[in-house]
Structure formats: C-alpha cells, structure tokens
Amino acid sequence: MFEILGNFFKFCDKENRRKFYGSIVVGIINSLFLALKIAAVAVMLQGIIGTAVDGLPFETKSIWLSFIIMCVSVIGGIITRKFTAMWQCEGGYRTCAKKRIEIAEHLRYLPMGYFNSNSLGEIASVTTNTMESVGDVATRAVMMVLQGLLDTSVIIIMLFFFDWRIALVALAGFGVFEIVNIFMRLSVKNVSALKIKDDTAEIGKILEYIQGIAEVKAYNLSGKRQTELNQVINKRIKTLIRMELRCIPFANLQSLVSKLSGVALMIASFSFYLDGSMTLSYCAVMLVCSFMLFNALEAGGNYSALLRTIDIGVTKANKILALPTMNIEGNGDESETEGNLDLEARSVEFAYDTKKIIDGISLKIPAKTTTAIVGPSGGGKTTFCHLLARFWDVDSGSVTLGGKNVKDYNMDNLMKNYSFVFQNVYLFHDTIANNIRFGEPDAPMEKVIAAAKKACCHDFISALPDGYDTVIGEGGASLSGGEKQRISIARAIMKDSPIIILDEATANVDPENERDLMTAISELTREKTVIMIAHRLKTVRNADQIIVIDKGKIAEQGKHEELIAKGGIYAKFIDARKEAVSWKL
C-alpha cells in the first residue's frame, strides 16, 4: 500500500506533491484534534464518576474544561479537514489534468509509427478514463486511507498514555485488520488490471462504431456491430461486478475485525477494572475509545482496494511518457538555414517493422520549386513526404533542410517551415475563425478574413448564419469536402510556411469546387517550395520535376515531356487518364 502511495506521489508534479505532503501533515493535526474528544470525555467522566463513586463535590470547571476541549476538537477538526480535503482534491485533479497535457505534448513528438501500431482506443482510454479514474480515486482513496491510518495510529499512541495494556490490545486489532486489508488488495489485483483493459476495449469499440457508422449502415451491419459493442460493454459490467464481489467478503471481514477489536477493548477494560488494576473513570474512557478507534480505519480500509486502480493508471501513463521521442531539442545554430531552404534526401531507407517502404531514395528539391510525386498506390509516396517533414525518423540515410540534418533542428522550429494540406481534412469542433487561425491563435480577425479570401472560402463562410463565428461539427461534419479543403488551405495560408506539402489535396473535390480550390492552392503556393502528391494531370504537368515512386524507389524522374517520351510508368498513367474520366497515380 505504501509503495503504491509512494509511486503516486512520485507521479505528481512538485507543486501537487507538496499539496499531498501538506495534507498529510494537516491530517496528523486533524487526528490530534479527533483524539482531543477522548480527553474531553475523560475530563467529564472523571468529574461525574468522582462525584458519584467517591462522593467528591462536582466542580463546574470540569464541564467547562470538557466543553472547551470539545469545542477545540470540533472546530480544529473542521478547519483541518477542510484544508486536507481541499489540498488532496486539488492535488489529485490538477495532477491528472497536467498529466493529460503532458501526455498530449509527449504524443506530439512520438514517431507517427506509434499511432499506426496502437489503437486510438488505447490512447483515448489513458487520457480520459484512466486519468479520470486516477483523479477520482486518488482524491478519495488517498484521503480516506491515509486519514484512517493517521486517526487510528494517533488514538493508539494516545492509549499508551492511559494504559499500555489496552493500547497493545488495540494494536493487535489494528494488525489483524491490516492483514485482512492486504488480502483484499491482493484479491482485486488481477481484476483491477482487467478493469482497465476492459475500459480501453470499450472506448476503442465505441470509437470504431461511431467512426464507421456510415459503413455500418451502408452494409446493413447495424445488428452485428451493435452486438459486438454490447458484448464489450457487458464484459466490462461483469468485470466491475466481479471486482465488487471480490471486495465484499473482505470488507465484511474487516468490519467484523474492527467490531470484535472494539469488543476486545471493552472486555479487557472491564477485566482490568474488576481486578482493581484500572480505575472506573479510565475504564469508562476506554469503553468510549472502543467505539471511536476503528471507525476511520474501517472506512479507509474499504477504499484501499481502489489503490490498485491508481497504481495501474499511473503505470499506464508512465508507460506512454517513457516512450522514446524523436530528438526534439535539436543542436547547433539553426540560423544557418537563412536564405537556404533546399530539401535533400540522401539514400533514405525506412520500414514499418520489417516491411521496407522506402528503399534508398535520393532526391534534391531546390527552394521555391514545385515537385510532383506520383506512382502506384502503396508505393511509398505519402511516407516519403512524411520523412521529408520528419513525421518519422529515417532508418538510414539522411534528410536535410538548408544543408542541415532535420534531426538537428528543434522540432517546433522545424515544423514552422512546413504547411500541410491533406486529402482527408480534420477540422475541430470550434468556430470557423478559430479553425483558420489554429496555427496562430492570437491572429486578428482581419488576417483571418484575408486568408479566407485568398483560399476562396470567404463567400460561403459569410453566407453562413453566424459567419466566421459558426461552430462546425467535429471533423468538419457540417461542411462539404470542398469547403473543408479550402478552410484547411486558409489555415495553411495563415501559417505562411516556406514549404508546402499537398497530399492529394484535390482528390475528392467535385468539379464545381475544383476551380476555387485550384485558385486557393495557387495563392497558397505562391513563391513557396511545393511538394505535391497528385493524381490529376493538370496539377503535375507544369511541375519543375516529377518523381515517380514505385515499390519504395524512384522509378522515373524528370519533367512531364521527358517522362512521356520515355514511355514508362508515367506515360502509361497518362494514357490511362486519357481513357478514363478519373484516374489515380
């Protein structure tokens, strides 16, 4: 238990760790205030029993002294409980909030391959369910478990000042209680891990169902997919019930131990009184203690089973944070690229696991030129562009920008040189204006409108009920494909990077939107280095160089007329294009 708590405190940042440590110190003070109730009762009983048994005159100062001690105990307890609860809640929730941000920042610098080999459900589960669970459980379990231990420990220590024999009986009961508690935590150890696993599976299946709802309906798979989702949900429910059922017997046993320990204190107190080794007033005080001693410990003991959930959550979060990132700080003087933004790939090789995708590509892309990349689907076009922008690190060879290896750049500074327009555009659930100024959050509205006009989307935005303040659905669900594409181009225009990568940006655009989109792309790429993955003849024929990538290698390279004259892959694609209304490269 203490190891789990120690790991959780290490998981907290310095500021929130201090809150927890401070709450423990205040918790000890709170326990002392709780113990003062025993002193207040002792003073009152001493006066009453002295009057009734010994015939001594009852002194009103006993009432006042007991009253004052009780007031100090109650008021002090309220104040200290407030600070303890507040600091532990702040520490737990703020730690998890910061860890979510830290995980998000860490994910930003992981190779894209990580996201290909790990489900969205796994990532979403850690940043949502797992962190939420850790936050909720930590604030309650840590508070209840620690306070239960502190209260019981302080009262037992106080008992040693009254009667060491009674203190030993209480200590023995405390020991048996903790043994039962250990077995309870062990009983839910595997089930807690299964709960986290089922949480992840449930989120993954829900995301899969929602994201694929169009296909589910189109292929009439609603019943089958819903059955699969229900199975995952029901499995999680069974795991939660199983976890509760494992805890219940031990929780009842803990309750029994605490009650029997109280009975043992009462029997021992009566025995010592009867044999004359304990006064009646002390016996009465011990009887009161027998009811107070294990209340907090019993409540904390029931929560201690949840500590395993904290431990698993912390482990999963630390596992993500321990994933090796690409070198994000860089080294050397980055100012040396000023005026020189030539891109060059030298003998680049890259593989997903054991499958080689890029096989020894060498290519130079001079600044402010247009390079079109074409080739069969699956040939490595998109992967190569991602390597140029350092979405991944190459396995061998090098990619340089301005003569400097991209690995030597600070990651954020490197990304300032690139803007991207992808085939599948993602827009955030926010206003259109904020989606356009995504890369420059503080940009004035005038600049946003200017970018929108260049991207040929100002007119349709202005026609919307709330104009630029229109909130679009997540992923841009409320807009057409062409509209989303032009907003993404406006976003890229706002960023104003010297290198533009277009990944089949016009692939899914209807003829009505194509003219506006091509105008927008023309504005975006003016005086820029352009790297385009394209499938339409009109977008590649005027490129400064055309690269045909097939099976991870450069199969052909040159201008449009040169490649047509060769009669190779590119020429065959052109012939196929002439025979079909639409074609893809």
Side-chain angles (χ1 to χ4, degrees), residues 1-2 4-6 8-9 17-45 65-92 138-164 166-178 180-181 254-255 257-259 261-262 264-265 269 282 284-304 306-307:
M1 178 175 65
F2 291 106
I4 292 175
L5 290 173
F8 175 70
F9 292 151
R17 193 182 306 131
R18 282 201 301 265
K19 290 183 183 294
F20 276 107
Y21 290 159
S23 73
I24 293 174
V25 173
V26 176
I28 294 173
I29 299 173
N30 178 262
S31 298
L32 292 173
F33 281 122
L34 175 66
L36 281 179
K37 292 180 180 179
I38 299 174
V41 171
V43 170
M44 180 62 73
L45 289 174
L65 180 59
S66 177
F67 177 74
I68 291 170
I69 294 174
M70 187 63 73
C71 285
V72 170
S73 174
V74 172
I75 295 172
I78 292 173
I79 294 172
T80 52
R81 272 198 305 274
K82 172 193 172 184
F83 283 103
T84 300
M86 183 177 66
W87 287 345
Q88 289 186 351
C89 285
E90 286 182 357
T139 54
R140 289 167 177 78
V142 173
M143 186 188 309
M144 298 296 290
V145 172
L146 283 179
Q147 201 59 49
L149 290 173
L150 291 174
D151 288 351
T152 306
S153 300
V154 168
I155 292 175
I156 290 176
I157 292 171
M158 191 172 180
L159 286 178
F160 274 102
F161 292 97
F162 280 89
D163 192 299
W164 63 269
I166 296 296
L168 289 178
V169 174
L171 191 61
F174 177 74
V176 175
F177 184 95
E178 284 302 308
V180 175
N181 186 258
Q254 281 183 155
S255 179
V257 168
S258 67
K259 300 299 187 292
S261 298
L265 283 176
S269 299
Y282 270 33
V285 172
M286 292 304 104
L287 293 178
V288 174
C289 283
S290 68
F291 289 99
M292 294 177 58
L293 181 59
F294 293 102
N295 284 344
L297 184 64
E298 187 176 343
N302 292 334
Y303 272 92
S304 66
L306 298 176
L307 290 178

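The structure displayed is predicted, hence computed values, not measured ones. Basis for what follows: all heavy atoms, side chains included, without hydrogens, waters or symmetry-related copies.
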query: Taking the side chain from Ser261 and the backbone from Val257, do they hold a donor-acceptor pair closer than 3.5 Å?
result: yes

field: From CA spacing to verdict: side-chain contact (heavy atoms from CB on, under 4.5 Å), Leu36, Val72
entry: CA-CA 8 Å; Leu36 281 179; Val72 170; 4.0 Å; yes

Ser23: partners by side-chain hydrogen bond (donor to acceptor under 3.5 Å, both in side chains), with sequence neighbours left out: Gln88

message: Which residues pass the side-chain hydrogen bond (donor to acceptor under 3.5 Å, both in side chains) test with Thr84, not counting sequence neighbours?
response: none

message: Can you list everything that forms a side-chain hydrogen bond (donor to acceptor under 3.5 Å, both in side chains) with Lys19? Sequence neighbours excluded, please.
response: Glu90

statement: Hits for side-chain contact (heavy atoms from CB on, under 4.5 Å) against Lys259, two or more places apart or cross-chain, chain-then-number order -> Ser255, Glu298

- prompt: Yes or no on side-chain contact (heavy atoms from CB on, under 4.5 Å) for Ile24 and Phe20, after CA distance, side-chain angles and deciding distance?
  reply: CA-CA 6 Å; Ile24 293 174; Phe20 276 107; 5.5 Å; no

- request: Can you tell me which residue pairs pass the salt bridge (Lys or Arg N to Asp or Glu O under 4.0 Å) test with a partner in residues 22-41, sequence neighbours excluded?
  value: none

message: Do Leu32 and Met158 have side chains that approach each other closer than 4.5 Å (heavy atoms only, starting at C-beta)?
response: no

task: Output all residues satisfying side-chain hydrogen bond (donor to acceptor under 3.5 Å, both in side chains) with Thr80, sequence neighbours left out; order by chain, then residue number.
output: Asn30

- prompt: Quick one: CD1 on Ile166 to CD1 on Ile156, what's the gap to the nearest 0.5 Å?
  reply: 12.0 Å

query: Just wondering, more than 12 heavy atoms not from Tyr21 lying within 6.0 Å of its OH?
result: yes

message: Does any part of the side chain of Phe160, heavy atoms only, come nearer than 4.5 Å to the side chain of Leu168, both counted from C-beta?
response: yes

